[in-house]
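For reference, the structure is listed below as structure tokens.
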Amino acid sequence: MSLRFWLLKCEPEAYSIADLERDGKTGWEGVRNYQARNLIRDGMQVGDGVLFYASNARPSGVAGLARIVAPAYPDATAWAPGHAYADPGSTPASPVWYAIAVGFVERFADVVSLETLKATPGLEAMMVTRKGSRLSVQPVSPAEYAIVVRLGRGRR
DNA sequence: GCCAACGTTGGC
DNA sequence: GCCAACGTTGGC
């Protein structure tokens, strides 16, 4: 199966591309939206490319690249007592929520801002450029991924 | 901090 | 199953 591409959103205050660079890889946990869950559990494969998107940032935008480094696994934070993302509906025997392991690839010298994404031909259909798109896990086409990588590396 | 857009919840 | 109320997201 050929590689797929994704956009993952996170607020830098919670976890930034610099944190991922430091850690090398991280568990992308705490997703509590069914559409996003389905993409993680059913769509992501090891080796897939990830646009690391910083939301609620100045500016918001794609801060770098990552890669899926392990298959999806049940999100144990759902049944961790007192955890901020605890969900009594999800149990080890019957997990509802899934997480994915993401590895650092590259940090862009400059964030490719949402404003730039919106203004770049070829990205009109990209979910993140559409008004009101709140999904924290989004599919990205190979062509869109290539365009954003080019923007991030400063070549036009 | 504001608030529009969206997803979820729950009464009926 | 409808839909109003509510909570959250996220750009600005």
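- In the region residues 48-56 of chain A, proximity to DNA chain C at under 4.0 angstrom, judged on heavy atoms, holds for Y53(A), S55(A), N56(A).
- Within the 4.5 Å cutoff, the side chain of V148(A) has heavy atoms near those of the M126(A) side chain.
- Judged as a side chain to side chain donor-acceptor pair (under 3.5 Å), and not counting sequence neighbours, T91(A) has no contacts.
- Among residues at least two apart or in separate chains, salt bridge (Lys or Arg N to Asp or Glu O under 4.0 Å) pairs with a member in residues 50-76 of chain A are R32(A)-D75(A).
- Every pair passing salt bridge (Lys or Arg N to Asp or Glu O under 4.0 Å) that includes a residue from residues 101-130 of chain A is listed here, sequence neighbours excluded: E21(A)-R107(A), E106(A)-R153(A).
- Not a single salt bridge (Lys or Arg N to Asp or Glu O under 4.0 Å) links E11(A) to another residue, sequence neighbours left out.
- The side chain to side chain donor-acceptor pair (under 3.5 Å) check on Q35(A) picks up nothing, with sequence neighbours excluded.
- Within residues 124-136 of chain A, the residues that place at least one heavy atom under 4.0 Å from DNA chain B are, in residue-number order, K131(A), G132(A), R134(A).
- Applying the ring-ring contact (aromatic ring centres under 6.0 Å, His included) test to residues at least two apart or on different chains, the pairs with a partner in residues 29-75 of chain A are W28(A)-F52(A), Y34(A)-W97(A).
- Note on residues 119-147 of chain A: pairs passing ring-ring contact (aromatic ring centres under 6.0 Å, His included), not counting sequence neighbours, are F5(A)-Y145(A).
- Between chain A and DNA chain C, the heavy-atom contact criterion of under 4.0 Å yields a 5' to 3' nucleotide range of dG7(C) to dC12(C).
- Screening residues 105-138 of chain A for ring-ring contact (aromatic ring centres under 6.0 Å, His included) gives no qualifying pairs among residues at least two apart or on separate chains.
- Applying the salt bridge (Lys or Arg N to Asp or Glu O under 4.0 Å) rule to pairs touching residues 82-95 of chain A yields nothing, sequence neighbours excluded.
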